[in-house]
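In this chain, residues are counted from 1 in sequence order. Here the structure is a predicted model, which means the values were calculated and not measured.
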Amino acid sequence: QVQPVESGGGLVQAGGSLRLSCAASGRTFSSYAIGWFRQAPGKEREFVAVITSSGDNTHVEDSVKGRFTISRDRAKSMVYLHMSSLKPEDTARYYCARGVGTAWPPLGYGYFGLGTQVTVSS
């Protein structure tokens, strides 16, 4: 099954920064928006940020706006989630996924990766 591959997670102290990477190559991903989601233990998966296929438009969830940004390197088929001023409540497994269709923002997402764990210590 085709799926993106996330990396870059780890253990970081509160106030620190991390950059997550999503390797999403091929026609399955290159022409679509790519989003980031996260899921903490015992909680539902929640949307974090999304970027258009061209990289010229982004949308970031209000709860992380000002701390997280999303970017895309089309030449490398990579999408990044830049996280700063991290808080313990940001601890979760982070996933990237492809937007469904061409609407903006996407009406749904598919092709979720296996995720990368982010743990923020207080």
S.K.: Which heavy atom of P106 sits nearest to which heavy atom of V100, and what is that distance?
M.R.: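 Minimum heavy-atom separation between P106 and V100: CB-N, 4.3 Å.
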S.K.: Does the side chain of V64 reach to within under 4.5 Å of the side chain of V48, using non-hydrogen atoms?
M.R.: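 Yes; the side chains approach each other to less than 4.5 Å.
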S.K.: Quick one: disulfide (SG to SG under 2.5 Å) pairs with a partner in residues 58-121, sequence neighbours left out?
M.R.: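 The answer is C22-C96.
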S.K.: In chain order, what residues pass the side chain to side chain contact (heavy atoms under 4.5 Å, CB included) check against S7, with sequence neighbours excluded?
M.R.: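 Residues passing side chain to side chain contact (heavy atoms under 4.5 Å, CB included) with S7: S21.
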S.K.: When you measure from the side chain of E6 to the backbone of L114, do you find a donor-acceptor pair of N or O atoms at a distance under 3.5 Å?
M.R.: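 Between the backbone of L114 and the side chain of E6 there is a qualifying donor-acceptor contact (under 3.5 Å).
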S.K.: May I have all residue pairs that pass ring pair (Phe, Tyr, Trp, His ring centres under 6.0 Å) and include part of residues 70-103, sequence neighbours excluded?
M.R.: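 Every candidate ring pair (Phe, Tyr, Trp, His ring centres under 6.0 Å) pair involving residues 70-103 fails, so no pair, neighbours aside, qualifies.
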S.K.: Taking side chain to side chain contact (heavy atoms under 4.5 Å, CB included) as the test, write out the residues that go with E46, two or more places apart.
M.R.: R38
S.K.: Quick one: closest heavy-atom pair of T116 and G8, and the distance?
M.R.: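 That closest heavy-atom pairing would be OG1-N, 4.0 Å.
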S.K.: Who pairs with D56 by salt bridge (Lys or Arg N to Asp or Glu O under 4.0 Å), at least two apart in sequence or on another chain?
M.R.: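 If we apply the salt bridge (Lys or Arg N to Asp or Glu O under 4.0 Å) test to D56, skipping adjacent residues, there are no hits.
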S.K.: Please determine whether residues V79 and V2 belong to a single hydrophobic cluster, defined as Ile, Leu, Val, Met, Phe, Trp and Tyr linked transitively by side-chain heavy-atom distances below 4.5 Å.
M.R.: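 Per the 4.5 Å side-chain linkage, V79 and V2 are co-clustered.
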S.K.: Quick one: list whatever passes side chain to side chain contact (heavy atoms under 4.5 Å, CB included) with P105, sequence neighbours left out.
M.R.: none
S.K.: So how far is it from T58 OG1 to I34 CD1, rounded to the nearest 0.5 Å?
M.R.: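 It is 14.0 Å, given to the nearest 0.5 Å.
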S.K.: Mind checking the CD-OG1 spacing from Q13 to T119? Nearest 0.5 Å is all I need.
M.R.: 13.0 Å
S.K.: If the condition is side chain to side chain contact (heavy atoms under 4.5 Å, CB included), which residues does S25 pass it with, not counting sequence neighbours?
M.R.: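 Once residues adjacent in sequence are excluded, the partners of S25 under the side chain to side chain contact (heavy atoms under 4.5 Å, CB included) criterion are S77.
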S.K.: State the CE-CG distance between M83 and L18, to the nearest 0.5 angstrom.
M.R.: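 If I round to the nearest 0.5 Å, the distance is 4.5 Å.
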S.K.: Could you list all the salt bridge (charged side-chain N to carboxylate O under 4.0 Å, His left out) pairs where at least one residue sits in residues 113-122, not counting sequence neighbours?
M.R.: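 As it turns out, there is no salt bridge (charged side-chain N to carboxylate O under 4.0 Å, His left out) pair with a partner in residues 113-122 once direct neighbours are skipped.
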S.K.: Could you name each residue pair satisfying ring pair (Phe, Tyr, Trp, His ring centres under 6.0 Å) that touches residues 9-64, not counting sequence neighbours?
M.R.: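 Sorted pair list: F29-Y111, F37-F47, F37-Y109, F37-F112, F47-H59.
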S.K.: Measure across S122 and A14 and return the closest heavy-atom pair with its distance rounded to 0.1 Å.
M.R.: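 Closest approach of S122 to A14, heavy atoms only: CA-CB, 4.3 Å.
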S.K.: Could you tell me whether a side-chain N or O of Q3 sits under 3.5 Å from a main-chain N or O of G113, the two making a donor and an acceptor?
M.R.: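 Here the side-chain-to-backbone pair does not exist.
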S.K.: Between the side chain of T91 and the main-chain N/O of V120, is any donor-acceptor distance below 3.5 Å?
M.R.: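 Such a contact is found between T91 side chain and V120 backbone.
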S.K.: Does any pair with a residue in residues 8-37 pass salt bridge (charged side-chain N to carboxylate O under 4.0 Å, His left out), and if so which ones, sequence neighbours excluded?
M.R.: none
S.K.: Identify the heavy atoms of V60 and K65 that sit nearest to each other, and give their distance.
M.R.: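 Answer, listing the atom of V60 first, then K65: O-CE, 3.1 Å.
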S.K.: Please enumerate all residues that pass salt bridge (Lys or Arg N to Asp or Glu O under 4.0 Å) together with K87, with sequence neighbours excluded.
M.R.: none
S.K.: Distance check, rounded to the nearest 0.5 Å: R72 atom CZ versus N57 atom CG?
M.R.: 12.5 Å
S.K.: Determine whether a donor-acceptor pair (N or O, by modelled atom type, separation under 3.5 Å) exists between the side chain of R98 and the backbone of S31.
M.R.: no
S.K.: Return the minimal non-hydrogen interatomic distance between S121 and L11, and the atom names on each side.
M.R.: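 Answer, listing the atom of S121 first, then L11: CB-CD1, 4.3 Å.
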S.K.: For R67, give me all partners under salt bridge (Lys or Arg N to Asp or Glu O under 4.0 Å), at least two apart in sequence or on another chain.
M.R.: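 Residues passing salt bridge (Lys or Arg N to Asp or Glu O under 4.0 Å) with R67: D90.
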